[in-house]
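Below is one structure, written out as structure tokens; the observations come after it.
Throughout, protein chains are lettered first and strands after them, A, B, ... in sequence-line order, and every chain is numbered starting at 1. The shown structure was predicted, so the numbers you read here are calculated from the model rather than taken from an experiment.
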Amino acid sequence: MPLCLPAAFYDRPVLDVAADLLGATITHARVTVRLTEVEAYAGLGDPGSHAFRGPTRRTAVLFGQPGGLYVYFTYGMHWCANLVCGPAGQGAAVLLRAGEVVDGEPMARSRRGDRCRPRDLARGPARLAVALGLTGEHNGLLVTGAGSPVVVAAGAPADAARVRTGPRVGVSGAGGDGAAYPWRFWLDGEPSVSP
DNA sequence: CAGTTGATTCGCT
DNA sequence: GCGAATCAACTGG
């Protein structure tokens, strides 16, 4: 079993953490997903971030310790999972957008539905959360602790030649021009990454 | 206290 | 490819 990534891993600039999370694995409730697509959010001053206007009850976790899990509810039906990054107090986080189920596929399938194609099991932030069984009750959980039910571990060394970056998805609103924040990271050629 | 807005997915066509 | 579904949190009055 690979080693759980330490708090120091997350206590770095969010862009570095996002890039290094590609290829890493996240395990919860007997399902393991290898991350293929993530998005960086800088927090304070980032118009695309929930933490843009500072701490609120909803975003309190974002301003907590790096390595915290921020799970939020959106569109009235979906959960999305983020990992809080450094520097602490900035509200920075990495959204887990997509991944490939590498272990516990039957369990993931039972949560996502039998007619779901294998590549779609964790393709998309909400699908990924469902596949892993992550909901609001996991909000605020520290994934660096030894006894944490959620384990994030380094995967096979990421092939740097396959790392791509581009504008973030779904960021709209004033100042939310995607080109100004090209902070989406993905692994080229992965079927689990949306086009 | 009421109005607005999403870091989306699913099911049809 | 497109539109509906659905609700918690934030915002402004």
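- The ring of A:F73 does not lie on top of the base of C:dA8; it is either too far (5.5 Å or more) or too tilted (30° or more).
- As a whole-Å value, the separation of A:R168 CZ from B:dG6 C1' is 14 Å.
- In this structure, A:W79 and A:V130 have side chains that are not in contact, with every pair of non-hydrogen atoms separated by 4.5 Å or more.
- If you run salt bridge (charged side-chain N to carboxylate O under 4.0 Å, His left out) between A:E190 and each of A:R164, A:R34, A:R119, only A:R34 comes through.
- B:dT9 atom P lies 7 Å from atom CZ of A:R97, rounded to whole Å.
- Looking at A:C80 and A:V71, their side chains never come closer than 4.5 Å, going by heavy atoms from C-beta outward.
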(message) Both atom distances under 3.5 Å, Watson-Crick or G-U wobble: I'd like the secondary structure of DNA chain C as a dot-bracket string, with | for pairs made across strands.
(response) |||||.||||||.
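- Distance from the side chain of A:R53 is smallest to C:dT11 among B:dA7, C:dT11, B:dC10.
- A:R184 has no side-chain polar atom (N or O) that falls below the 4.0 Å cut-off from OP1 or OP2 of B:dA7.
- A cation-pi arrangement is found for A:R12 relative to A:F9, the charged atom lying closer than 6.0 Å to the ring centre and inside a 45° cone about the ring normal.
- Shown for residues 76-83 of chain A: residues whose heavy atoms fall under 4.0 angstrom of DNA chain C, namely A:G76, A:M77.
- In this structure, the CZ atom of A:F52 is 17 Å from the C1' atom of C:dA9, given to the nearest Å.
- Under a hydrophobic clustering in which Ile, Leu, Val, Met, Phe, Trp and Tyr are joined whenever their side-chain heavy atoms come within less than 4.5 Å, directly or via other members, A:V150 and A:V17 fall into the same cluster.
- Listed for the A:T59 side chain is no donor-acceptor partner under 3.5 Å among the backbone atoms of A:L62.
- Contacts between residues 110-126 of chain A and DNA chain B, defined by a heavy-atom separation under 4.0 Å, are made by A:R112, A:G124, A:P125, A:A126.
- To the nearest angstrom, C1' of B:dT9 lies 14 Å from CG of A:L128.
- Taking the charged nitrogens against the carboxylate oxygens, A:D188 and A:R162 have no contact shorter than 4.0 Å, which rules out a salt bridge.
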(message) Does A:D120 form a salt bridge (Lys or Arg N to Asp or Glu O under 4.0 Å) with A:R115? I'd like the steps, not just the answer.
(response) CA-CA 10 Å; A:D120 292 338; A:R115 47 209 90 170; over 6 Å; no
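- B:dT5 atom C1' lies 9 Å from atom OH of A:Y75, rounded to whole Å.
- A donor-acceptor contact under 3.5 angstrom links the side-chain atoms of A:Y72 to the base of B:dA7.
- Between the side chains of A:T25 and A:T32, no donor-acceptor pair is found at a separation under 3.5 Å.
- For the residue pair A:Y70 / A:H50, a side-chain donor-acceptor distance below 3.5 Å is found, with atom types taken as modelled.
- Spacing between atom CZ of A:F185 and atom C1' of B:dA7 amounts to 15 Å, rounded to whole angstrom units.
- Atom CG of A:L21 and atom CG of A:L96 lie 7.0 Å apart (nearest 0.5 Å).
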